[in-house]
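Just so it is clear, the values below take in all heavy atoms, side chains as well, and ignore hydrogens, waters and symmetry mates.
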Amino acid sequence: FAPPQSPAPTRTMNKLQIQLKKKEKERKEGAGKKGGSSKEGKAKEAQAASAHVCQSCRQPFMVTAKAKALQEHADAKHPKLRHEECFPELAEMMDAEAAAAAGG
């Protein structure tokens with residue numbers, strides 16, 4: 001009487017090889033998509049370019065960030081620097097926000 005045998009090692013090896021090839025193919029396709037210029041990629045680049053960036057530590061802020069949030073960052077992280085040294089556009093932002101608040 002012979003004891004039961006496990007599945008043939010060649011079959012599981014082939015299955016593993018197939019899975020590895022499939023994952024490698026997916027990785028290559030994913031890398032190809034990232035390198036391409038799509039509308040979404042261009043939109044993200046444009047949004048990142050217009051985002052507020054601290055000139056001292058290069059921390060990015062959302063385009064929708066308010067002047068108060070930028071001032072708080074400058075006070076907390078860079079107390080020795082003036083607000084305008086961190087964010088040169090801060091004065092314009094404050095004027096625009098004040099005009100918007102006064103106008104409506």
Side-chain angles (χ1 to χ4, degrees):
F1 182 77
Q5 295 181 346
S6 61
T10 56
R11 184 173 183 183
T12 56
M13 188 62 128
N14 287 338
K15 189 174 184 180
L16 180 62
Q17 288 174 340
I18 291 170
Q19 289 174 344
L20 290 173
K21 284 185 180 183
K22 183 178 178 183
K23 286 185 179 184
E24 184 179 350
K25 182 180 176 183
E26 290 173 357
R27 265 197 307 271
K28 286 181 181 179
E29 287 177 358
K33 289 180 184 176
K34 290 179 187 174
S37 59
S38 65
K39 289 183 181 179
E40 293 174 0
K42 288 181 181 179
K44 285 183 180 180
E45 287 178 21
Q47 185 177 8
S50 63
H52 306 291
V53 179
C54 176
Q55 298 301 310
S56 180
C57 66
R58 309 303 295 171
Q59 180 176 346
F61 287 85
M62 294 292 292
V63 178
T64 57
K66 302 284 184 192
K68 184 177 179 182
L70 303 182
Q71 286 177 331
E72 289 174 356
H73 167 80
D75 289 338
K77 301 292 183 181
H78 316 292
K80 295 181 181 179
L81 298 177
R82 294 185 333 217
H83 297 151
E84 291 78 20
E85 290 180 58
C86 290
F87 302 100
E89 69 275 11
L90 189 60
E92 295 172 11
M93 288 178 64
M94 291 175 65
D95 292 342
E97 287 179 14

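Among all heavy-atom pairs drawn from L70 and A65, the shortest one is CD2-CB, 4.4 Å. Contact detail for C86 and L81: the closest heavy-atom pair is SG-CD1, 4.1 Å.
Counting only heavy atoms from C-beta outward, the side chains of K77 and C57 never approach each other to under 4.5 Å. In this structure, F87 and M93 have side chains that are not in contact, with every pair of non-hydrogen atoms separated by 4.5 Å or more.
The side-chain hydrogen bond (donor to acceptor under 3.5 Å, both in side chains) contacts involving residues 88-99 comprise H52-E89, where partners must be two or more places apart or lie in separate chains. Applying the salt bridge (charged side-chain N to carboxylate O under 4.0 Å, His left out) rule to pairs touching residues 16-25 yields E24-K28, sequence neighbours excluded.
For the atom pair OG of S56 and CD of E85, the computed distance is 8.5 Å after rounding to the nearest 0.5 Å. Atom CG of D75 sits about 11.0 Å away from atom NZ of K68, to the nearest 0.5 Å.
H83 is linked by a ring pair (Phe, Tyr, Trp, His ring centres under 6.0 Å) to nothing, counting only residues two or more places apart in sequence or in another chain.
Under a hydrophobic clustering in which Ile, Leu, Val, Met, Phe, Trp and Tyr are joined whenever their side-chain heavy atoms come within less than 4.5 Å, directly or via other members, F61 and M94 fall into the same cluster.
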